[in-house]
Amino acid sequence: MSTNEGGNIQNRENSKSNFPLPMNDDSLFHYYDANIYSTSAKGTLKITTLLRAIQQPKPLILNKIMQIRETHEKEERDRLKKELFFFVPCCLTDKNNRGYNNIISFTGWMLLDFDGIENESIATKFKEYIFKKYDFIMSAWLSSSGLGVRAFVKIPIVQNVDEFKRLYWGLVTKEMGQYGSLQKTWCDDSMQKPTQPLFYSYDKNILFRPDYTIWDTGSENPSRAKAPTTARTTRQRYLITETQITANIRKAMNKIIDNGHPQVLKAAFALGGYVCQNKINFDDAEYLLHTLIENNQYLGKGIAGYKKTASQALIAGQNYVYEE
């Protein structure tokens with residue numbers, strides 16, 4: 001994203017629009033360049049400014065989004081999506097990076113992400129359905145592909161990542177778990193991460209309400225309910241640092257030019273061992289693996305499959321701890 005593009009979004013605050021202020025909330029969050037690997041925030045926006053921009057994007061951005069919606073191949077859509085600038089609306093960071101250690105405060109907002117819906121008509125109906133059913137959803141709109149739905153949920157301002165995740169899992173398991181198979185196919189649980197990016201989108205019929213309620217019921221992640229309590233190891237003390245771990249995993253993943261799955265399994269499994277040792281946070285580890293997969297020319301041919309393999313191996317690897 002160029003500086004001018006960022007300014008165009010900010011100028012929405014003063015532009016004429018039929019989009020009313022949906023709330024008395026001046027929450028600020030960061031926006032980033034049109035490069036998913038950007039780690040340094042370019043500036044801050046109000047949530048109302050973003051909603052106006054989604055309803056009435058500038059022509060250049062609208063053309064890019066329409067190009068995405070006219071593309072039938074998912075991998076090509078995903079590539080084009082990375083050319084949109086993005087936002088991190090659930091927390092504020094120190095602007096140096098987007099890791100958990102960089103979080104300085106939380107905004108009181110949570111994102112829901114539903115993807116892989118059959119077509120735009122069904123996505124629109126689903127958007128309208130969840131907005132009508134759940135009054136804690138402040139706003140809902142179509143994703144950049146038109147095959148997904150994004151929604152803002154108001155939550156209490158939490159103090160740490162664990163509190164944020166508990167509220168997320170309470171929402172998707174206790175309240176929205178009724179969707180059954182939908183929970184496994186449409187709902188993207190990466191939104192449990194408060195640093196997860198939100199890509200710019202367009203929806204002239206974006207939905208919003210000024211009288212939203214607050215979701216404040218938490219729960220544990222059901223997939224972690226049976227997490228191992230012990231780990232097999234021949235040493236109890238490890239000196240390797242997170243920086244060294246990250247460098248080793250990057251080196252292993254960047255060497256992959258063929259036969260991808262066994263190598264991804266090996267790297268993710270080893271990284272899971274370090275997660276078990278509390279040498280690296282699970283979500284930072286998963287984010288590292290997924291980013292390396294996206295950025296690898298060979299693995300980029302099957303991103304979804306390799307990400308799934310990496311995530312599963314990362315969880316399995318927490319049963320083991322390795323000697324250095």
Side-chain angles (χ1 to χ4, degrees), residues 34-38 64-65 67-84 86 98 111-120 122-123 126 142-151 168 172 176 179-193 195-201 221-224 249-250 252-272 275 282-318:
N35 179 351
I36 189 56
Y37 307 112
S38 296
K64 176 63 66 175
I65 293 172
Q67 182 183 0
I68 293 171
R69 292 185 180 179
E70 293 168 0
T71 300
H72 298 294
E73 295 183 2
K74 185 180 185 306
E75 290 185 4
E76 179 63 10
R77 289 200 305 269
D78 290 343
R79 185 190 69 78
L80 291 171
K81 185 170 69 173
K82 295 174 185 176
E83 297 178 5
L84 297 171
F86 64 94
R98 290 190 282 121
L111 273 173
L112 293 179
D113 183 340
F114 299 92
D115 260 331
I117 301 175
E118 286 85 342
N119 56 58
E120 190 169 325
I122 294 176
F126 181 69
L142 296 180
S143 67
S144 56
S145 69
L147 303 177
V149 174
R150 307 290 181 262
Y168 175 85
V172 301
M176 305 185 83
Y179 293 123
S181 61
L182 169 62
Q183 189 68 18
K184 299 178 181 179
T185 56
W186 284 2
C187 188
D188 183 351
D189 285 334
S190 63
M191 290 298 117
Q192 67 175 295
K193 307 171 190 176
T195 54
Q196 191 71 7
L198 167 69
F199 286 101
Y200 202 173
S201 187
N221 180 345
S223 68
R224 306 287 176 80
I249 296 298
R250 286 185 183 278
M253 295 286 286
N254 288 338
K255 290 194 301 184
I256 298 176
I257 58 174
D258 58 17
N259 196 27
H261 278 285
Q263 297 176 80
V264 171
L265 275 169
K266 182 178 180 181
F269 199 80
L271 192 54
V275 171
F282 177 90
D283 295 295
D284 287 343
E286 187 176 50
Y287 178 77
L288 171 65
L289 290 168
H290 287 187
T291 300
L292 291 171
I293 289 169
E294 291 174 353
N295 209 31
N296 182 286
Q297 185 174 2
Y298 177 80
L299 300 178
K301 300 175 182 178
I303 289 177
Y306 286 119
K307 282 185 176 181
K308 182 177 180 180
T309 295
S311 295
Q312 291 174 339
L314 185 63
I315 293 172
Q318 293 177 70

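Just so it is clear, the values below take in all heavy atoms, side chains as well, and ignore hydrogens, waters and symmetry mates.
In this pair, F114 and F126 present their aromatic rings perpendicular. The plane angle is above 60°, beyond the 30 to 60° band.
I68 contributes atom CD1, which lies 7.5 Å from atom CD of E83 (distance to the nearest 0.5 angstrom). Rounding to the nearest 0.5 Å places CZ of R79 at 11.0 Å from CD of E73. In this structure, I256 CD1 and L292 CG are separated by 9.0 Å, a value rounded to the nearest 0.5 Å. Residue D113 holds its CG atom at 10.5 Å from CZ of F199, rounded to the nearest 0.5 Å. How far CE of M253 is from CD1 of I293: 4.5 Å, rounded to the nearest 0.5 Å.
Counting only heavy atoms from C-beta outward, the side chains of L142 and R69 approach each other to under 4.5 Å. When side chains are defined from C-beta on, L112 does not count as touching M191, because their heavy atoms never get closer than 4.5 Å. Looking at Y287 and T195, their side chains never come closer than 4.5 Å, going by heavy atoms from C-beta outward. For the pair S143/D115, a side-chain contact is recorded, criterion being any heavy-atom separation below 4.5 Å from C-beta on. Within the 4.5 Å cutoff, no side-chain heavy atoms of L314 are placed close to those of F269. L288 is listed as a side-chain neighbour of R250, based on a closest heavy-atom distance under 4.5 Å.
The shortest heavy-atom contact between L84 and S144 is CD1-CB, 3.9 Å. Here the closest heavy-atom approach between residue V275 and residue A285 is recorded as CG2-CB, 3.8 Å. The minimum heavy-atom distance between V264 and A310, with the atom names listed, is CG1-CB, 3.8 Å. Considering every non-hydrogen atom in both H290 and S311, the closest pair reads NE2-OG, 2.9 Å. Residues A313 and L265 share a closest heavy-atom pair of CB-CD2, 3.7 Å.
Applying the side chain to side chain donor-acceptor pair (under 3.5 Å) test to residues at least two apart or on different chains, the pairs with a partner in residues 259-271 are H261-T309.
In this structure a side-chain-to-backbone donor-acceptor pair under 3.5 Å is missing from R77 to S145. Here the side chain of Q192 pairs a donor or acceptor atom with the backbone of D189 at under 3.5 angstrom.
Salt bridge K307/E286: absent, no basic N to carboxylate O contact under 4.0 Å. Note on D188 versus R150: no salt bridge recorded, every NZ/NE/NH1/NH2 to OD/OE distance being 4.0 Å or above. Under the 4.0 Å criterion applied to side-chain N and carboxylate O atoms, D78 and K82 are not assigned as salt-bridge partners.
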message = side chain to side chain contact (heavy atoms under 4.5 Å, CB included), that's the test. Do Q67 and L80 meet it? Break it down for me.
response = CA-CA 8 Å; Q67 182 183 0; L80 291 171; 3.8 Å; yes
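Donor-acceptor pairing under 3.5 Å is recorded for the side chains of S190 and Q196.
For CD of E118, the number of neighbouring non-hydrogen atoms (other residues, nucleotides, ligands) closer than 6.0 Å is greater than 12.
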